[in-house]
Amino acid sequence: MDHDLDKFPLLSYVLHQLDSNLHAPPSMAAQQTLLPSFPLLSDPQVMSSLTQFIPTTITQTLSVYNSLGSRPDPLAVSSARSMIAQIMDSLSPEAAAKETELYTGIVRLDEVHDSYEKKLKDLEEELSRVYATEVESMLRSGQEMNEEVVAVLKAAESGGVVERIDLSGQELKLLPEAFGKIVGLVYLNLSRNDLTFIPDAVSKLKNLEELDVSSNSLESLPDSIGMLLNLRILNVNGNNLTTLPESIAHCRSLVELDASYNNLTSLPTNIGYGLQNLEKLSIQLNKLRYFPGSISEMYNLKYLDAHMNEIHGIPNSIGRLTKLEFLNLSSNFNNLMGVPDTITDLTNLRDLDLSNNQIQTIPDSFYRLRKLEKLNLDQNPLEIPSQEVAKQGAEAVRKFMRKRWDEIMAEQQQRIGVEAERHGVETGWVYWGTSMVTNLVSGMTQTIGLGGGSSDGKDKKPGDSYYYHQL
């Protein structure tokens, strides 16, 4: 393995690409610092230019460098220099030469190390310049075929005020760093291109309110995106994202976020605490299994589309999203077995899609969703309500569940009355109180769960859902 080449990660990476049998790759730690700074190293044209720049003498240089062994400790070198000075002052040149032989060897070894490290450092810097030149060449090549990009950059360089830029469908592979200088930019559309990364320079666009990078080949978003404090609309759908950066929670002005059609397996744990102004969240067609608990902090959320995921359960705290008007949880197939009773706290809900899941029952208090206009329960093994009732739409289901609720309440009251007559009025009241507490505890227990029905698939008693409110 090459000696201490992690000091020169770019050189180490290029050498490994040049001859993987002779040169080991950089350590993982080195690669993690290297790739963000040189995101186009995988480009064949860039790598070809870098490998061609490697001098033929590199093998010999590395061989000598490796043979030197470890570099002397700086304190040892400093002590050796001090001892040499003292000896030279107190002895004749002939005697001093003999006495300082050991110390001179330490100093000389350090100087040789320094000499070879300087050669490697110079080569590292030259490779960095070659990389920058090649990337710039690629940019210019692309710009020559795209007059609009050239015009935008010229306007920015001349100091002209540019607020809106639409470069959608231009086959761009890179976003020029110069875009970071367009500080007055409010709207930037880079959709339907071939971008594989967004440079950190985008964080300089402090006035940016809308960013569309949909339908590209992005595998990640830069952490610096959290510095776009005025961003209101962010569209990253149709990429290859597996995560969103935690820093996205700092974009507190966001009103719309579209991260659909990606490969997301989770959302940032703190996303709800930061995005409390968010009104529309589109996360459909991903691989999400759960919602983070913080999603209930999105108090202004009106639209939530999470269909075609792998969601296993809905948090009970979803009931806190009282401004929600549209909710699509369809097509989570075998994963979604039910919805919590608290979904009926979403009293502004107008459109609810729970189709293509494994839901058997809906909450008894479903009739509370009085503003619900559209309801889709298709392709579920429904028992309550029946498939026939469900197909009649929201109003029919609401009426059915209200009737069912009244019948259960009447049955409960009748049972209390019977017990009162059997055991006497005083005992009856005790029974009634005990029954009430039992039902409340039962309701709390069911609330802790994720489904709208009981574990055996049967319908629940009123106390399991909304009994407390009725009392």
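Below, all heavy atoms of this structure are taken into account, side chains as well, without hydrogens, waters or symmetry copies. Heads up: numbering here begins at 1 and tracks the sequence. Here the structure is a predicted model, which is why all the values come from computation and not from measurement.
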Novice: For the pair K206 and M227, evaluate side chain to side chain contact (heavy atoms under 4.5 Å, CB included) and give the outcome as yes or no after the intermediate values.
Specialist: CA-CA 8 Å; K206 303 299 184 181; M227 298 175 69; 3.4 Å; yes
Novice: Going by side chain to side chain contact (heavy atoms under 4.5 Å, CB included), F291 matches just one of I283, I271, I318. Which one?
Specialist: I283
Novice: Run the numbers on T269 and E246 for side chain to side chain contact (heavy atoms under 4.5 Å, CB included), then give the verdict.
Specialist: CA-CA 8 Å; T269 55; E246 290 283 343; 3.6 Å; yes
Novice: How about D200 and S224: does a side-chain donor come under 3.5 Å of a side-chain acceptor?
Specialist: yes
Novice: Indicate the atoms forming the closest heavy-atom contact of L208 with L228, along with that distance.
Specialist: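 Answer, listing the atom of L208 first, then L228: CD2-CD1, 4.3 Å.
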Novice: Check whether any side-chain N or O of N270 sits under 3.5 Å from a backbone N or O of A249 as a donor-acceptor pair, and report yes or no.
Specialist: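 No, N270 side chain to A249 backbone: no donor-acceptor pair under 3.5 Å.
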Novice: If the threshold is 4.0 Å, N to carboxylate O, is there a salt bridge linking E117 and K7?
Specialist: yes
Novice: Side chains of Y303 and N328, heavy atoms from C-beta outward: is any pair under 4.5 Å?
Specialist: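 Of all side-chain heavy-atom pairs linking N328 with Y303, none is under 4.5 Å.
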Novice: Hey, does the side chain of N262 reach the backbone of L241 with a donor-acceptor pair shorter than 3.5 angstrom?
Specialist: yes
Novice: Do N286 and N309 pair up side chain to side chain, a donor and an acceptor below 3.5 Å, judged on atom types alone?
Specialist: no
Novice: So does E219 get a backbone contact from the side chain of N240, meaning a donor-acceptor N/O pair under 3.5 Å?
Specialist: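 Pair absent, no side-chain N/O of N240 close to backbone of E219.
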Novice: Counting neighbours of CD on E163 that are heavy atoms of other residues, nucleotides or ligands and sit closer than 6.0 Å, is the number greater than 12?
Specialist: no
Novice: Please check if any side-chain donor atom of K371 sits under 3.5 Å from a side-chain acceptor atom of N348, or the reverse.
Specialist: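 K371 vs N348: donor-acceptor pair found between side chains.
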Novice: Are I343 and I314 packed together at the side-chain level, in the sense that at least one heavy-atom pair is separated by less than 4.5 angstrom?
Specialist: no
Novice: Is any side-chain heavy atom of M308 less than 4.5 Å from a side-chain heavy atom of F333?
Specialist: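 Yes - at least one pair of side-chain heavy atoms lies under 4.5 Å apart.
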Novice: Taking 4.0 angstrom as the limit, do R320 and D345 come out as a salt bridge?
Specialist: no
Novice: Is there a side chain to side chain contact (heavy atoms under 4.5 Å, CB included) between L375 and D353? Walk through the geometry before answering.
Specialist: CA-CA 6 Å; L375 174 64; D353 192 340; over 6 Å; no
Novice: How about L211 and L231: do any of their side-chain heavy atoms sit closer than 4.5 Å?
Specialist: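 Yes, their side chains come closer than 4.5 Å.
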Novice: In Å and rounded to the nearest 0.5 Å, what is the CG to CD distance from D406 to E411?
Specialist: 13.0 Å
Novice: S191 and side chain to side chain contact (heavy atoms under 4.5 Å, CB included): which single residue from V213, N235, V236, D212 fits?
Specialist: D212
Novice: Within this structure, what is the CG-CG distance for the pair N216 and L195, rounded to the nearest 0.5 Å?
Specialist: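 It is 4.0 Å, given to the nearest 0.5 Å.
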Novice: Any heavy-atom pair between the side chains of K302 and L321 that's under 4.5 Å?
Specialist: no
Novice: Got a sec, which residues hit salt bridge (charged side-chain N to carboxylate O under 4.0 Å, His left out) with E325, two or more places apart in sequence or on another chain?
Specialist: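 Expected list: none.
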Novice: For the backbone of L264 and the side chain of T242, can you confirm whether one donor and one acceptor N or O come within less than 3.5 Å of each other?
Specialist: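 Not a single qualifying donor-acceptor pair exists.
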Novice: Does atom CD of Q379 have more than 12 heavy-atom neighbours from other groups under 6.0 Å away?
Specialist: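 For Q379, atom CD is not crowded (no more than 12 foreign heavy atoms under 6.0 Å).
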Novice: How close do T344 and D341 get, heavy atom to heavy atom, and via which atoms?
Specialist: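 T344 and D341 have their closest heavy atoms at OG1-O, 2.9 Å.
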Novice: Which heavy-atom pair separates H250 from L229 by the least distance, and what is that distance?
Specialist: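 Where H250 meets L229 most closely, the heavy atoms are O-CD2, 3.4 Å.
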Novice: Quick check for you: to the nearest 0.5 Å, what is the distance between H23 atom NE2 and L11 atom CG?
Specialist: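 H23 NE2 to L11 CG: 8.5 Å, rounded to 0.5 Å.
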Novice: Please walk me through it: do D258 and N237 pass side chain to side chain donor-acceptor pair (under 3.5 Å)?
Specialist: CA-CA 6 Å; D258 188 347; N237 84 62; 3.3 Å; yes
Novice: On the six-membered ring of Y116, is K119 placed so that its NZ or CZ lies under 6.0 angstrom from the centre and within 45° of the ring axis?
Specialist: yes
Novice: Would the distance check show the side chain of N380 and the main-chain N or O of L354 forming a donor-acceptor pair, the cut-off being under 3.5 Å?
Specialist: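 At least one qualifying donor-acceptor pair exists.
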Novice: Would the number of heavy atoms belonging to other residues, nucleotides or ligands and lying under 6.0 Å from NZ of K391 be above 12?
Specialist: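 Count not over threshold, so no.
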Novice: From the options L62, L22, T51, select the one residue that forms a side chain to side chain contact (heavy atoms under 4.5 Å, CB included) with L15.
Specialist: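 For L15, the side chain to side chain contact (heavy atoms under 4.5 Å, CB included) check succeeds only for L62.
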Novice: Please determine whether a side-chain nitrogen of the Lys or Arg among E395 and R398 lies less than 4.0 Å from a carboxylate oxygen of the Asp or Glu.
Specialist: yes
Novice: Between R252 and N277, what is the shortest heavy-atom contact and its length?
Specialist: O-ND2, 2.9 Å
Novice: If we only count heavy atoms from C-beta on, is the I311 to N357 side-chain gap below 4.5 Å?
Specialist: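 Side chain of I311 against side chain of N357, heavy atoms only: no contact under 4.5 Å found.
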Novice: Rounded to the nearest 0.5 Å, what separation is found between the CG atom of L188 and the CD1 atom of I198?
Specialist: 8.0 Å
Novice: Is the count of non-hydrogen atoms from other residues, nucleotides or ligands lying under 6.0 Å from Q392 atom CD greater than 12?
Specialist: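 Yes - once you tally the heavy atoms of other residues, nucleotides and ligands closer than 6.0 Å, there are more than 12.
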Novice: Between L382 and L377, is any pair of side-chain heavy atoms under 4.5 Å apart?
Specialist: yes
Novice: So which heavy atom on L172 is nearest to which on N193, and how close?
Specialist: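 Where L172 meets N193 most closely, the heavy atoms are N-OD1, 2.9 Å.
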Novice: For the residue pair Y367 and W405, categorise the inter-ring angle as parallel (less than 30°), tilted (30 to 60°) or perpendicular (more than 60°).
Specialist: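 Geometry flag for W405 against Y367: tilted rings.
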Novice: Taking E124 for its side chain and L10 for its backbone only, find out whether a donor-acceptor pair lies under 3.5 Å.
Specialist: yes
Novice: Using a distance-only test with no angle check, is there a side-chain donor-acceptor pair under 3.5 angstrom linking S48 and Q52?
Specialist: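 Side-chain D/A pair, S48 to Q52: present.
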Novice: Rounded to the nearest 0.5 Å, how far apart are OH of Y273 and CD1 of I295?
Specialist: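 That separation rounds to 12.0 Å.
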Novice: Would a 4.5 Å heavy-atom cut-off, applied to side chains only, mark H307 and N332 as touching?
Specialist: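 They are not in contact (no side-chain heavy atoms under 4.5 Å apart), so the answer is no.
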Novice: Considering only NZ, NE, NH1 and NH2 on the basic side and carboxylate oxygens on the acidic side, decide whether R404 and E407 come within less than 4.0 Å.
Specialist: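 Salt bridge between R404 and E407, a charged N being under 4.0 Å from a carboxylate O: no.
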Novice: Salt bridge check: are E373 and R350 linked by an N-O gap of less than 4.0 Å?
Specialist: yes
Novice: Is there a donor-acceptor pair closer than 3.5 Å between any side-chain N or O of D351 and the backbone N or O of F326?
Specialist: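 Side chain of D351 to backbone of F326: no pair is present.
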Novice: Could you tell me which non-hydrogen atom of G293 sits nearest to which non-hydrogen atom of S317, and how far apart they are?
Specialist: O-OG, 4.1 Å
Novice: Counting only N and O atoms by type, is there a donor-acceptor contact under 3.5 Å from the side chain of D19 to the main-chain atoms of N21?
Specialist: yes
Novice: Does the T133 side chain pair with the main chain of R129, one donor and one acceptor, at a distance under 3.5 Å?
Specialist: yes
Novice: I'd like to know if the side chain of S330 reaches the main chain of N356, judged simply by a donor and an acceptor atom lying under 3.5 Å from each other, with no hydrogens or angles considered.
Specialist: no
Novice: Going from CD on E388 to CZ on F400, what distance comes out if it is rounded to the nearest 0.5 angstrom?
Specialist: 10.5 Å
Novice: Would you check, one step at a time, whether the test side chain to side chain contact (heavy atoms under 4.5 Å, CB included) holds for L167 with N189?
Specialist: CA-CA 6 Å; L167 293 173; N189 188 344; over 6 Å; no
Novice: Under a 4.0 Å N-O cut-off, is there an ion pair linking D305 with K280?
Specialist: no
